[in-house]
Amino acid sequence: ERRWESLSRTTRREGADSDGADIIATIKKSGEGDRIVLVKQFRPPMRAFTLEFPAGLMDPAENVETTAVRELYEETGYTGKVDKVSKAVSMDPGASNCATTMVTLTIDGDREENANPAKHLDEGEFIDVVCLPVKGLLAKLEELAESMIIDSRLYAFAVGLSFVAS
């Protein structure tokens, strides 16, 4: 008999397909190229800083769209409009039951509230906001990988963008 080790998240609401939202937020501002909003934070299991999409768990009675808008605001200070919501996707199916929903949002960079956003972090959260140009994202991530770990979802997104661009 084979013994399996795995992690199980205990925060998923009954009836929910995922634990929360990963947010692909793009800033669109007149006269500038699109930028993607990312967060840099220390992740104890990795013993390193990581660069990843803003993300968070659903609060009770929240839907995933509300979670995405709330988490984007809390972690980055930006306000955005939900464009698309994916079905639940697994995060690490070989190790855990964690699932997320990918939510794309557009941030209007010309709006006053997005000019100088202020984070609204929970106690114990230490997050730096990193905005990178969408064009050339993969090359920039490969450069940043010298000093931090790039989340696999972010890296796969950048690879997909590079395929579309070529």
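As a basis for the values below, the full set of heavy atoms in this structure was taken, side chains included, without hydrogen atoms, waters or symmetry mates.
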Q.
Show, in sequence, the C-alpha distance, side-chain angles and deciding distance for Tyr155 and Glu142, and conclude whether the side chain to side chain donor-acceptor pair (under 3.5 Å) test is met.
A. CA-CA 9 Å; Tyr155 192 83; Glu142 289 175 347; 2.8 Å; yes
Q: Determine, step by step, whether Arg153 and Glu52 satisfy the salt bridge (charged side-chain N to carboxylate O under 4.0 Å, His left out) criterion, reporting the C-alpha distance in whole Å, the side-chain angles of both residues, the deciding distance to 0.1 Å, and the verdict.
A: CA-CA 8 Å; Arg153 288 159 289 189; Glu52 34 189 284; 5.5 Å; no
Q) Can you list the steps and then say if Asp151 with Thr50 is a side chain to side chain donor-acceptor pair (under 3.5 Å)? A) CA-CA 7 Å; Asp151 182 81; Thr50 62; over 6 Å; no
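Under 3.5 Å, the side chains of Thr106 and Asp83 contain a donor-acceptor pair of N or O atoms. If you check the side chains of Asp110 and Ser30, you find a donor sitting under 3.5 Å from an acceptor.
Looking at every heavy atom in both residues, Ile149 comes nearest to Ala48 through CD1-CB, 3.8 Å. Nearest approach of Val69 to Gly80, heavy atoms of both residues: CG2-O, 4.2 Å.
Ion pairing between a basic and an acidic side chain is recognised when a charged N comes within 4.0 Å of a carboxylate O; Arg70 and Asp59 show such pairing. Remark: Lys28 engages Asp34 in a salt bridge, criterion side-chain N to carboxylate O under 4.0 Å.
Counting heavy atoms of neighbouring residues, nucleotides and ligands inside a 6.0 Å radius, atom CG of Asn116 does not exceed 12 of them.
Note that CG of Asp122 is 8.5 Å distant from CD of Glu75, once rounded to the nearest 0.5 Å.
In summary, of the residues considered (Thr101, Val64, Thr66), a side chain to side chain contact (heavy atoms under 4.5 Å, CB included) with Met58 occurs for Val64 alone.
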